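Data block below; observations after.
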There are 2 protein chains.
Amino acid sequence: MRDQRAEALAAILVRYSTRVEAGDVCVIQSSTAAEPLVQAVYEGVLRAGGLPVLSLTTEGAAAALYELASDDQLDWVAPPAMWAAEEADVRIAIMADQNPRELSEVDPRRQQRTSRARKPLMETVMRRAAAGEHRWSLTLFPTHAYAGEAGMSLAAYEDFYYAACLATDHDPVTAWQRQSDQVRRLAEWIQGREEVHITGPGTDITLDVSGRTWIPCVGEHNMPDGEFFTGPVEDSARGEVSFSFPASYGGREVAGVRLRFEDGRVVDASADRGEAFLIETLDTDDGARRLGELGIGTNYGIATGTKEILLDEKIGGTVHLAIGMSYPETGGVNESAVHWDMVCDLRQGGSVVVDGEELQRDGQFVV
Amino acid sequence: MRDQRAEALAAILVRYSTRVEAGDVCVIQSSTAAEPLVQAVYEGVLRAGGLPVLSLTTEGAAAALYELASDDQLDWVAPPAMWAAEEADVRIAIMADQNPRELSEVDPRRQQRTSRARKPLMETVMRRAAAGEHRWSLTLFPTHAYAGEAGMSLAAYEDFYYAACLATDHDPVTAWQRQSDQVRRLAEWIQGREEVHITGPGTDITLDVSGRTWIPCVGEHNMPDGEFFTGPVEDSARGEVSFSFPASYGGREVAGVRLRFEDGRVVDASADRGEAFLIETLDTDDGARRLGELGIGTNYGIATGTKEILLDEKIGGTVHLAIGMSYPETGGVNESAVHWDMVCDLRQGGSVVVDGEELQRDGQFVV
């Protein structure tokens, strides 16, 4: 049975997010559980005149690789993945985890090794994206796993999720264009300013963003979407931040993360759960202890945490910081195999002050 | 839940059929429905030190392509498919149809167009296989569709299928080595002989096989397996043949096929069902009206037709002829985008006579 909402989401991804045109090589990257949405996107790409290439994995392939592979096998990057990074005009990636703990017993050093091996790919994609040669979008397909993590039934999660994607709107493309106006205005307001000061429970951190570019996120790279972000000056972060939302990374659940920064570098890190993994990840490489991103969520249609960062970082009234690699289009220059977003909730008391002027108080924008 | 028999089949494919070794690039080609077997093969390749690459499609992708694609889209061959043909050391292909009629409404000219576009790929693979640079194996994963076509429940089909693959044997690799002895002896017996004369109900056909190489099939390229075959001299076939088994091709069901040959060429063709499609396929290109293969089944563990050629052509007491492309390792030189096997049952009365000596009578070998 085909879900009309999955068809609508596919249309958003193909026609709005990545604007597939005739002749575009379009890689559809996903896993077997997303088959209905993969099929709808495949058809959407064909209808747009594009050239779809499926790149599907099984739920268990990653865990098997980490468990069974030698270092040589871990280091190998398959030529089709290199080709996709170097040549694809469009990439539509659809997450569809069936078990949120699938990778929970994996040795994080093996995940880091794979990340390092794939770093040139990631850099190629980002360079090409920044140069306008590559368009990409990341979304998810509702599964029991995502629903369970969010504390919902699958039916309730589907209702919530497709609504957050505006896939239930009678004209989703126009709806996304409308939603993007407020985000663009906020990004324009902050562009050119210098110092961001974030306070909240357990949080008092200052970042320099002068000279950096703010990017409004309006449904092109993430679906659902709603944030504006930049790459803070790499040696500027100072103070403390407490991340109230769980901060899973690479399949490992970490919660209650607190980081203290001096001169841009994490000098103290702790977590209520997963602390050893947090510290191992911070030690992946030099860039992993510096910030690559500051983002401010704008989507008030996502009201509660789902433990899935794609959604949680968009929640209106939250900010997120990522340790590791920055996005070159922001002007950020931090290099790392890591990019780990962590979300800080300011809705129960908190503020974002920019060059002395209040941008947000208690989770509501005031400009 | 993991089926131990699928694990055993994966071990046969990796360790016996394709003999994966450390460093071998191994493409696993299948569709989403085969996930348990794909996962087991992926793990088997990793354990053997190989470098697995998944190439998975959805059940609906092919039908969508034929329905929606322009000629340019049909003609495009994805670079990862070209890479797999040119570079992979091993390819393990696993069929897993969920609907045997999935392609039944497709315009056959569109399928032919795709076949033509992919012909260089097929030729590359066959050339590399003949040169010992590429090892490949084709199998299937039991689905409701295959079970239904065979007139069985899924549970009964799984029992039948895994037994035919010897996956239920306590030592499948040794069992396959044992089974291969009889096939090799038969292939040695016929090698070097010249004329094959096949008679049966509605069948009286003579083929010249002089100078051609007979290949014993012992579980390397097909699983299950059991046949020996060659490429008949291209202008030699004369007489009539009636194919008692349904002869589906590219998702279209054709039944009751009768072909009459003169000087190696089909000069008259009819079918009880699917005749128009048969004739269109014969007209794909010049080679499609000539024979590319004569095969003789040796697997008496497959007793009844299943409407799936991978199994049916192996039935002990049947012979099969393929119109279209020959396999170069036989010495055959017929070129075509088509390779369509059709099975002729000789168990209810029939004989195979080679240079005047009886090889088989009423489906039983007599040498």
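So that the names make sense, note that chain A is the first sequence line, chain B the second, and so on, each numbered from 1. Model, not experiment: these values are computed from the prediction.
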Which atoms of B/V45 approach chain A - backbone, side chain, both or neither, heavy atom under 4.5 Å: backbone
B/L65 versus chain A, the contacting section by heavy-atom distance below 4.5 Å: both
Heavy-atom contacts under 4.5 Å, residues 47-62 of chain B to chain A: B/R47, B/G49, B/G50, B/L51, B/P52, B/V53, B/L54, B/L56, B/T57, B/T58, B/E59, B/G60, B/A61
Gap between atom CG of B/L103 and atom CZ of B/R101 - 0.5 Å precision: 11.0 Å
Over 12 foreign heavy atoms within 6.0 Å of CZ, B/R128: yes
A/H221 atom NE2, neighbour heavy-atom count above 12 within 6.0 Å: yes
Residue pair A/L9, A/F141: steps toward the side chain to side chain contact (heavy atoms under 4.5 Å, CB included) verdict: CA-CA 10 Å; A/L9 176 54; A/F141 179 72; over 6 Å; no
If we ignore hydrogens and angles and just use 3.5 Å, is the side chain of [X] paired with the main-chain N or O of [Y] as donor and acceptor?
X      : Y      : result
A/D285 : A/A337 : yes
A/R252 : A/V106 : yes
B/T32  : A/T32  : no
B/Y146 : B/D97  : yes

Minimum side-chain heavy-atom gap B/E149-B/E308 below 4.5 Å: no
Contacts with chain B made by residues 72-87 of chain A (heavy-atom distance under 4.5 Å), listed by residue number: A/Q73, A/W76, A/A78, A/P79, A/P80, A/W83
Neighbourhood of chain B inside residues 133-140 of chain A, taking heavy atoms under 4.5 Å as contact: none
Salt bridge (Lys or Arg N to Asp or Glu O under 4.0 Å) against B/R109, all qualifying residues, sequence neighbours excluded: B/D107
Electrostatic pair A/R127:A/E123 at N-O distance under 4.0 angstrom: no
B/R110 and B/E67 ion-paired at < 4.0 Å: no
Parallel, tilted or perpendicular, as decided by the 30° and 60° cut-offs, for the rings of A/F277 and A/Y249: tilted
Distance under 6.0 Å and angle within 45° of ring axis: A/R5 vs A/Y162: no
